[in-house]
Amino acid sequence: MATSTPKKTRRAAARTSPSDNARIYDTFIVGAGISGLATAIKLNKAGYHNFKIIEKASRVGGTWRENTYPGCGCDVPSSLYSYSFAPSSRWSNLFAKQPEILSYLERVSDEFGITPLIEFNNALERAAWDDDVGLWRLDTSNGEYLARTVVFATGPITESRIPAIPGLESFKGEMFHSARWNHDVDLTGKRVAVIGTGASAIQFVPQIQPQTKELTVFQRTAPWVLPKPDIALGASSKQAIERFPVIQQSWRKAVAGSLNVINFGLRNPAFLKPVNVAARQLLKVQVKDPALRKAVTPNFDIGCKRILFANDYYPALQADNTSLIASGLVKVEGNTVIAANGERREVDVIIWGTGFDVSHPPIGQKVFNDRGERLADLWASSSPEAYLGTAIENTPNAFLILGPNVLVYDSFIQLAEAQLDYIIDGLLKIRDRGIRKLTIKSDVLKTHNERVQKNLQTTVFNAGGCSSYYLDQNGRNFAAWPWSLQALKRRLNVFNLEDYDLTYGQAEAPKPVKSNRTRRRKAEAVTG
């Protein structure tokens, strides 16, 4: 009969006996979502095969695996929200829904031979640079691994956020976050409170509104919600796209061009003034009740916060069983939820649409730099910084995908692919030139981020009159890139070794660390 091995014993065994875990990998990839899969595929294409990829869950997909709320989908057209090397003719809509995106990622993983390479149900617990041997030590739920370099492909949207509300523990009903949707809860005939009006809420509110007895939406800040130019793609359209790849290519280019225009406006807010006027006029058509229209009209320039797209959100707010409270939730007393403006509602279910903690990436809790400092501790009073969203100070041979200040209004997949061109060029140079340790130069990082922050001051993100998740608690913009996507791609085209401090030489295989039991036996022999 098999018996389970305690975690500490397994880890000690991994350090003292030869095993696959003791192998030194050239690269260790953490995460098998959009970025992790692309990393593995591009490494294989580059002839770089000595890598390990782990995933904490039992399947690929990242945020598209975790988010299963009703109506979940993408707000970037599916032609662009797909890998450049793996176009698809199977999309059912111009804007794909979550099940199809997840299916697409799983299919790509299988077709490119990545799925068999992934070690599933294995979560990173601690990653620390060992300067003595020039290697990363990666403690996982399945033991310790060693690697010369590491790619953190865990993504910026991973940890759901529920605010600390006084009295929340007294609530007796059902409660869950949209990113952890509880499909076992039947909302039929229930009094439901939705907290937040962000990208997730505007998608699931219209889906649950017809089921509920009473739906109360708590809105702290009104978002800009524009019509979504979505249409269904029937069988004939799919067949045409599959038969004539030029359609897919043209579609992709057209979408990219449209997003470039939006990005130009975000960088130059004066050009968005007519759009602001048009959007306010459109609200007069979309929302008939003057009081409700006033409540849902944003008091900041379009683009300052994330632009949202939906055709059914405003109709759901105007339904007879829906009420909007233009104020945030501040207190809970039993099953009574209380807004900052004093309004009270008795509810049976609370659904949190309060987004994610993006200003303090969760991966920082697990990563230690070459000084033994936990990244999360360094970021506690400020937001993270990186060079081109990729290289972190005093954190050698490590690369972050979709890190600080690379956000452009575009497809996350496009951004990840652009960064991977840079990262893989760096990984090849580390391997082929015998580089033992590579660390971004402090002056390069400082100059880069000072320039980024200076140029962000005139963008709509900083000058649009809102407080958004782009800004940290100190008002510093940790997310946005102040120039065009083309400019970002140019900067990421070549990995310039002159930007880094380099140490040459082969990393050493660390000497086995004796287990605590062996140490105790030696101590007993000496004292006995």
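- By the 4.5 Å heavy-atom criterion applied to side chains, L407 and L402 are not counted as neighbours.
- The disulfide (SG to SG under 2.5 Å) contacts involving residues 371-444 comprise nothing, where partners must be two or more places apart or lie in separate chains.
- Between Y500 and F495, the ring-plane angle classifies as parallel under the 30° and 60° cut-offs.
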Donor-acceptor pairs under 3.5 Å, side chain of residues 28-45 to any protein atom, not counting sequence neighbours: which ones?
from : atom 1 : to  : atom 2 : distance (Å)
T39  : OG1    : S35 : O      : 2.7
N44  : OD1    : H49 : ND1    : 2.9

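- Listed by first and then second residue, the disulfide (SG to SG under 2.5 Å) pairs involving residues 357-411 amount to none (not counting sequence neighbours).
- Using a cutoff of 4.0 Å between basic side-chain nitrogens and carboxylate oxygens, K489 and D421 are not scored as salt-bridged.
- Residues T27 and Y48 have side chains in contact (heavy-atom distance under 4.5 Å, counting atoms from C-beta outward).
- For the disulfide (SG to SG under 2.5 Å) condition, the pairs that include at least one residue of residues 410-510, sequence neighbours left out, are C304-C466.
- Between E106 and R59 there is a side-chain heavy-atom pair separated by less than 4.5 Å.
- The existence of a salt bridge linking R65 and E55 is confirmed by a sub-4.0 Å separation between a basic side-chain nitrogen and an acidic carboxylate oxygen.
- Contact of the D425 side chain with the K429 side chain is registered, since non-hydrogen atoms from C-beta on lie closer than 4.5 Å.
- Counting non-hydrogen atoms of neighbouring residues, nucleotides and ligands closer than 6.0 angstrom, the CZ atom of R220 reaches no more than 12 such neighbours.
- Contact check for Q98 versus W64: side-chain heavy atoms found under the 4.5 Å cut-off.
- Put simply, CD on Q414 and OG on S84 are 7.5 Å apart, with the number rounded to the nearest 0.5 Å.
- Residues Y81 and F412 place their aromatic rings such that the two centres sit no closer than 6.0 Å.
- Under the 3.5 Å distance criterion, the side-chain polar atoms of T390 are matched with a main-chain donor or acceptor of L388.
- Aromatic rings of F176 and W181 (six-membered ring for Trp) have centroids within the 6.0 Å cut-off, being under it.
- Ion pairing between a basic and an acidic side chain is recognised when a charged N comes within 4.0 Å of a carboxylate O; D26 and R148 show such pairing.
- W483 has its ring centre no less than 6.0 Å from the ring centre of F264.
- For W379, the ring-ring contact (aromatic ring centres under 6.0 Å, His included) criterion is met by no residue, not counting sequence neighbours.
- Proximity of T354 to P163: side-chain heavy atoms (C-beta onward) are separated by under 4.5 Å at one or more points.
- Side chain of Q453 to backbone of N477: a donor-acceptor contact under 3.5 angstrom is found.
- Considering I118, N121, T140 as possible partners of I54, the one that fulfils the side-chain contact (heavy atoms from CB on, under 4.5 Å) test is T140.
- In this structure the side chain of N268 never reaches within 4.5 angstrom of the side chain of T458, judged on heavy atoms.
- Within a 6.0 Å sphere centred on CZ of F271, other residues, nucleotides and ligands contribute 12 heavy atoms or fewer.
- Atom CZ of R371 sits in a sparse spot, with 12 or fewer heavy atoms from other residues, nucleotides or ligands closer than 6.0 Å.
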(request) Determine, step by step, whether I392 and N369 satisfy the side-chain contact (heavy atoms from CB on, under 4.5 Å) criterion, reporting the C-alpha distance in whole Å, the side-chain angles of both residues, the deciding distance to 0.1 Å, and the verdict. (result) CA-CA 9 Å; I392 302 170; N369 64 19; over 6 Å; no
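- Listed by first and then second residue, the salt bridge (charged side-chain N to carboxylate O under 4.0 Å, His left out) pairs involving residues 493-503 amount to none (not counting sequence neighbours).
- You'll find the ring centres of Y25 and F51 outside the 6.0 Å limit.
- Salt bridge K366/E125: absent, no basic N to carboxylate O contact under 4.0 Å.
- Note on K56 versus E66: no salt bridge recorded, every NZ/NE/NH1/NH2 to OD/OE distance being 4.0 Å or above.
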(request) Using the side-chain contact (heavy atoms from CB on, under 4.5 Å) rule, take E393 and K441 through it: C-alpha gap first, then chi angles, then the decisive distance, then the call. (result) CA-CA 8 Å; E393 189 173 22; K441 292 178 178 177; over 6 Å; no
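- Y470 has its ring centre no less than 6.0 Å from the ring centre of F478.
- Ion pair K454/E450 not flagged as a salt bridge, since none of the NZ, NE, NH1 or NH2 atoms sits closer than 4.0 Å to an Asp/Glu carboxylate oxygen.
- Within 6.0 Å of NZ on K331 lie no more than 12 heavy atoms contributed by other residues, nucleotides or ligands.
- Two rings, from W136 and Y145, have their centers 6.0 Å or more apart.
- Looking only at distances, a side-chain donor or acceptor of N397 sits under 3.5 Å from a matching main-chain atom of L438.
- No side-chain heavy atom of L378 sits under 4.5 Å from any side-chain heavy atom of R374.
- Note that R126 lies in the cation-pi zone of F368, set by a 6.0 Å cut-off to the ring centre and a 45° limit from the axis.
- Without hydrogens or angle criteria, E119 side chain to I53 main chain gives no donor-acceptor distance under 3.5 Å.
- For T439 (side chain) and N394 (main-chain N/O), no donor-acceptor pair under 3.5 Å exists by modelled atom type.
- Using modelled atom types, one side-chain atom of W481 and one backbone atom of S484 make a donor-acceptor pair closer than 3.5 Å.
- Judged purely by atom type and a 3.5 angstrom limit, D377 has no side-chain atom pairing as donor or acceptor with the backbone of E373.
- Distance alone, capped at 3.5 Å, is enough to place a donor-acceptor pair between the Q419 side chain and the G389 backbone.
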